[in-house]
Amino acid sequence: MASLKITLTKSLIGRLDKQKKTAASLGLRKIGDTTIQQDNAATNGKIFVIKHLVKVEKAD
């Protein structure tokens with residue numbers, strides 16, 4: 001199954017509570033944190049909520 005590399009590029013300070021919780025559910029706490037997640041509908045939905053805060057790449 002395909003994987004995605006997700007990196008937090010912008011701060012969570014002053015963001016909506018929903019966006020902070022979504023980032024935390026992906027394992028992102030501070031700028032520069034990176035996580036590898038499966039490419040599925042649930043992960044894509046989370047990325048959509050915080051798309052302006054993260055950089056997404058395909059992982060090998």
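Listed by chain and number, the residues in a salt bridge (charged side-chain N to carboxylate O under 4.0 Å, His left out) with D60 amount to none (sequence neighbours excluded).
Between the NZ atom in K10 and the NZ atom in K55 there is a gap of 13.0 Å [rounded to 0.5 Å]. Atom-to-atom distance recorded for I13:CD1 and K30:NZ is 13.0 Å, nearest 0.5 angstrom. One distance of note links CD1 of I36 with CD of E57; it measures 9.0 Å at 0.5 Å rounding. Here S3 contributes atom OG and K58 contributes atom NZ; the two are 10.5 Å apart, rounded to the nearest 0.5 Å.
Dense packing is recorded around NZ of K20, with more than 12 heavy atoms of other residues, nucleotides or ligands lying under 6.0 Å away.
In the hydrophobic clustering, where aliphatic and aromatic side chains (Ile, Leu, Val, Met, Phe, Trp, Tyr) are joined below 4.5 Å either directly or transitively, L26 groups with L4, I6, L8, L12, L28, I47, V49, I50, L53, V54, V56.
With Q37 as the fixed residue, the side chain to side chain donor-acceptor pair (under 3.5 Å) test singles out one of T35, N40, D39: T35.
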